[in-house]
Amino acid sequence: MLKTHNCGGLRAAHVGQEITLAGWVNRWRDHGGLAFLDLRDRSGIVQVVSDPDAAPGAHAVARQARSEFVLQVRGVVRRRPDGLTNPDMPTGEIEVVARQVEILNPAKTPPFYVYDDSPVDEALRLKYRYLDLRRQRMQRNLILRHRVVKYIRDFLAARDFVEIETPILFKTTPEGARDYLVPSRVHPGEFYALPQSPQQLKQLLMVAGFERYFQIARCFRDEDQRGDRQPEFTQLDLEMSFVEREDVIALAEALLTGVIEDCCERELLLKPFPRLTYAEALRRFGSDRPDMRFGMELVDISDLVAESGFGIFSKTVEGGGQVRGIRAPGCGSYSRRQIDELTELAQREGAKGLAWMAVGEGGEVRSSFAKFLAGEEIAAIIERMEAEPGDLLLFVAAAAPVVNAVLNGLRLELGERLGLRDANVLACCWVVDFPLFEWNEEERRWDPSHHLFTAPMPEDLPLLDTDPGAARGQQYDFVCNGVETGGGSIRIHQREVQEKVFELIGLDAAVARERFGHMLEAFEYGTPPHGGIAPGIDRLVMFLAGEPNIREVIAFPKTQQAADLMAGAPSPVEPEQLEELHIQIVDE
RNA sequence: GGGGGCGUAGUGUAGUGGUUUAACAUGCCGGCCUGUCAAGCCGGAGAUCGCGGGUUCGAAUCCCGUCGCUCCCGCCA
């Protein structure tokens with residue numbers, strides 16, 4: 001080893017020891033006589049002093065060192081003189097007096113500051129990712145990520161899970177997201193697909209009798225990017241045999257609670273995680289992934305305004321729609337301009353308009369529609385909304401899906417403005433009882449709302465024949481701070497049920513056999529009832545790190561255009577490579 | 001596929017309703033300096049203002065296009 005100690009680990013207890021350090025120059029301060037170097041390695045930073053009188057050779061070398069030079073320093077740990085300690089540094093009580101300094105490698109001036117986390121253009125960070133990763137923020141995040149994955153492995157291994165790898169080169173599945181395809185050299189014109197998740201394979205591992213499987217699995221989806229979506233991402237994929245929904249949820253909750261409490265200091269607001277049905281989540285929050293860090297729940301006033309003189313309200317209710325609202329505490333003084341902004345947001349989400357009512361400090365009402373209502377109707381609304389003086393009430397009248405979308409959008413926006421979406425707080429919940437199918441109007445058929453193999457709730461089995469849209473699936477989503485962070489289900493293990501689902505989604509037997517024949521055949525050889533869940537590791541670590549996007553917890557992420565700016569991927573390839581793969585590029 | 005934001009010395013920003021040696025900080029280079037830790041002081045170099053075109057006597061600034069990064073909608077079983 002080129003070093004005997006780590007920079008960040010040196011303390012007063014080391015005083016007097018002769019040690020060797022190796023690391024990068026964080027900052028340097030040359031006083032002409034004395035020179036100081038802050039030497040950094042992964043463990044932290046320690047001050048190195050070079051004194052021309054004590055060690056002229058070392059001093060001469062040290063003076064040449066610049067930011068990010070790689071040095072080896074041999075020296076003695078010394079307690080700093082009185083009054084010269086630095087209480088802001090963990091190593092601030094001591095310093096290392098250099099006896100010998102060697103430049104292991106010089107460094108060009110970095111394109112941005114490594115020694116602090118000051119903001120830098122994202123493209124530049126990604127181009128020089130190896131330098132960005134030297135910075136404290138990324139070191140901290142990736143080490144946190146390591147601890148999270150380590151915790152998961154230990155937790156599951158202790159509970160009898162087996163970690164098994166599944167192929168990256170697999171088979172295309174036209175359902176779901178767009179696949180990344182890999183051409184086959186050996187089979188001209190044929191392609192592998194990168195897995196969107198190991199879904200089928202983990203179920204086959206249950207058929208294979210492993211009973212408890214997990215994998216830290218890379219997944220690939222060729223869809224447009226978001227702050228919480230990358231073309232390749234990592235899931236904790238796990239599957240269990242002989243379990244019911246409660247078993248999977250209980251295990252996952254114990255694991256997730258343990259990870260959160262073990263790996264970060266953030267407040268876990270709700271423990272145990274609240275359980276909401278899909279219908280309840282939409283009713284209370286307008287979303288199937290509610291941000292539970294704050295209240296501001298949706299309130300239905302349809303019955304109060306059904307007979308009112310405000311036509312937009314009464315006609316909407318008469319036509320089968322609804323009128324619901326939210327209460328924005330302390331926003332009663334919002335100007336017309338601010339309310340117009342909220343109205344624009346509402347219209348983007350599909351509302352025709354936004355009805356509002358501000359309750360003044362003295363209880364007086366300022367409103368876009370109150371003049372159409374009777375006094376007792378206004379009073380009833382205020383009472384139902386539990387409005388206090390100074391509050392702003394916002395109402396949307398429309399069909400339920402529109403009301404949900406609009407009020408969800410307003411709730412999140414107001415939560416943001418009121419500072420209720422604090423990254424230091426984690427609020428998780430489970431959403432269960434999802435509808436098994438969604439009606440696809442274009443294709444005139446049912447689409448699976450989760451995936452093809454999700455089992456219906458046992459009591460809803462008859463509905464598959466009579467009212468498929470009302471059938472609920474044994475599905476569960478794990479939601480953290482308003483982001484879907486994991487989802488899973490109990491799977492179908494009975495052939496009749498699976499065939500019924502294929503029929504409902506318009507997958508005829510021949511096509512099903514071609515795409516999923518291996519699954520169907522496997523299921524005929526004694527399939528245990530099974531189910532699982534797949535929490536997103538990137539999203540989870542993002543929350544634990546308090547980061548605003550998952551690029552900050554991925555070592556080498558891609559841009560929104562799915563490019564790697566450091567390596568320059570994707571890139572053109574040699575004609576010979578294409579020829580070998582039987583690929584022709586067609587000009588658009 | 002659509003909408004918004006950003007792009008000016010190495011870096012972070014100012015300037016942007018037309019005419020400036022394009023400013024400030026930091027970094028970089030040189031000098032001075034034996035207790036700094038965001039070191040200090042003095043000096044210096046460093047920008048055809050993302051790129052292309054247009055309008056104009058004159059464009060970082062206005063217009064059109066394009067590229068890159070980013071946020072959002074669609075999409076993401």
Side-chain angles (χ1 to χ4, degrees), chain A residues 26-39 45-54 59 63 66-68 78 80-89 91-92 95 97 107-128 131-132 173-179 196-197 199-200 219-231 233 344-345 348-350 405 409 412-413 434 436-438 440 446-454 473 475 483-484 487 489 501 505 507 515-516 534 536 548-549 551 557-563 565:
Chain A
N26 200 56
R27 288 172 178 272
W28 54 280
R29 296 172 292 282
D30 185 350
H31 286 227
L34 274 186
F36 300 93
L37 293 171
D38 293 337
L39 197 67
I45 295 167
V46 71
Q47 173 167 283
V48 174
V49 193
S50 83
D51 184 330
D53 304 329
H59 186 69
R63 291 193 70 183
R66 295 291 180 270
S67 291
E68 302 307 314
R78 174 170 78 185
R80 293 197 193 185
D82 283 347
L84 298 173
T85 58
N86 185 344
D88 297 329
M89 290 174 77
T91 59
E95 61 193 3
V97 186
K108 287 164 61 171
T109 301
F112 50 82
Y113 307 120
V114 172
Y115 55 74
D116 70 21
D117 288 329
S118 57
V120 181
D121 181 69
E122 184 101 16
L124 198 67
R125 289 179 62 198
L126 292 175
K127 180 176 178 189
Y128 296 96
L131 295 180
D132 190 35
T173 51
E175 294 75 21
R178 199 176 289 118
D179 281 323
Q196 295 176 29
S197 82
Q199 182 61 40
Q200 295 182 25
C219 307
F220 306 86
R221 294 179 191 175
D222 186 5
E223 296 293 350
D224 288 331
Q225 307 306 295
R226 288 287 191 285
D228 57 3
R229 282 176 5 203
Q230 283 271 310
F233 60 99
E344 276 175 40
L345 188 155
R348 274 205 305 279
E349 297 289 348
L412 294 177
E413 171 65 23
F434 282 77
L436 193 57
F437 301 108
E438 288 165 3
N440 184 330
W446 294 100
D447 281 343
S449 66
H450 183 50
H451 64 62
L452 289 167
F453 304 108
T454 300
Q475 183 196 339
V483 176
E484 186 203 321
S489 64
V501 169
I505 63 175
L507 202 59
R515 289 183 192 165
F516 302 107
N549 66 67
R551 292 186 303 279
K558 293 183 175 53
T559 68
Q560 194 155 53
Q561 301 303 314
L565 295 183

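Protein chains get the first letters and strands the later ones, always in sequence-line order, with residue 1 at the start of each. All values below were derived from every heavy atom in this structure, side-chain atoms included, with hydrogens, water molecules and symmetry-related copies excluded. Model, not experiment: these values are computed from the prediction.
Note: Glu95(A) CD to Leu37(A) CG = 12.0 Å, rounded to the nearest 0.5 Å. Annotation: the span from Asp38(A) atom CG to Ile45(A) atom CD1 amounts to 6.5 Å, rounded to 0.5 Å.
A close approach under 4.0 Å does not occur between any side-chain nitrogen or oxygen of Arg29(A) and OP1 or OP2 of U36(B).
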Mark up nucleotides 68-73 of chain B, 5' to 3', with B wherever a protein heavy atom is under 4.0 angstrom from a base atom, S wherever such an atom reaches only the sugar-phosphate, and - elsewhere.
-SBBSB

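Gln475(A) comes within 4.0 angstrom of nothing in the nucleic acid, heavy atoms only. Among the heavy atoms of the strands, none lies under 4.0 Å from Ser489(A). Heavy atoms of Thr91(A) sit nowhere under 4.0 angstrom from any nucleic acid atom.
With hydrogens and angles ignored, no donor-acceptor pair under 3.5 angstrom links the side chain of Arg221(A) to the base of C76(B).
Annotation: ring pair (Phe, Tyr, Trp, His ring centres under 6.0 Å) contacts of Tyr113(A) (sequence neighbours excluded): Tyr115(A). In this view, Asp51(A) and Leu34(A), Asp53(A), Ala54(A) satisfy the side-chain contact (heavy atoms from CB on, under 4.5 Å) rule, not counting sequence neighbours. Scanning for side-chain contact (heavy atoms from CB on, under 4.5 Å) contacts around Ala405(A) gives Glu349(A), with sequence neighbours left out.
The existence of a salt bridge linking Asp179(A) and Arg221(A) is excluded, since no basic side-chain nitrogen approaches an acidic carboxylate oxygen closer than 4.0 Å.
Listed nucleotides C37(B), C75(B), G35(B) differ in distance to Asn86(A); the shortest reach to its side chain belongs to C37(B).
For the pair Phe36(A)/His31(A), a side-chain contact is recorded, criterion being any heavy-atom separation below 4.5 Å from C-beta on.
Sequence order on RNA chain B of the closest nucleotides to Leu452(A) and Gly32(A) puts Gly32(A) first from the 5' end.
A stacked arrangement is not assigned to Phe112(A) and the six-membered base ring of U11(B), the conditions of a centre distance below 5.5 Å and an interplanar angle below 30° not being jointly met. The stacking criteria are not both satisfied for His31(A) over the base of G35(B), which would need a centre-to-centre distance under 5.5 angstrom and an angle between ring planes under 30 degrees.
Under the 3.5 Å distance criterion, with hydrogens and angles disregarded, no donor-acceptor pair is assigned to the side chains of Arg27(A) and Gln47(A).
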Please list each protein N or O that sits under 3.5 Å from an N or O in nucleotides 25-30 of chain B, with the distance.
| unit_1 | atom_1 | unit_2 | atom_2 | d |
| --- | --- | --- | --- | --- |
| U26(B) | O2' | Tyr113(A) | OH | 2.8 |
| U26(B) | O2 | Tyr113(A) | OH | 3.0 |
| G27(B) | O4' | Tyr113(A) | OH | 3.3 |
| C29(B) | OP1 | Arg66(A) | NE | 3.4 |

Pick out the pairs of N or O atoms, protein on one side and nucleotides 5-9 of chain B on the other, that lie under 3.5 Å.
none

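More than 12 heavy atoms of other shown residues, nucleotides or ligands fall within 6.0 angstrom of atom NZ in Lys558(A).
Ring-centre distance between Phe220(A) and Phe233(A): not below the 6.0 Å cut-off.
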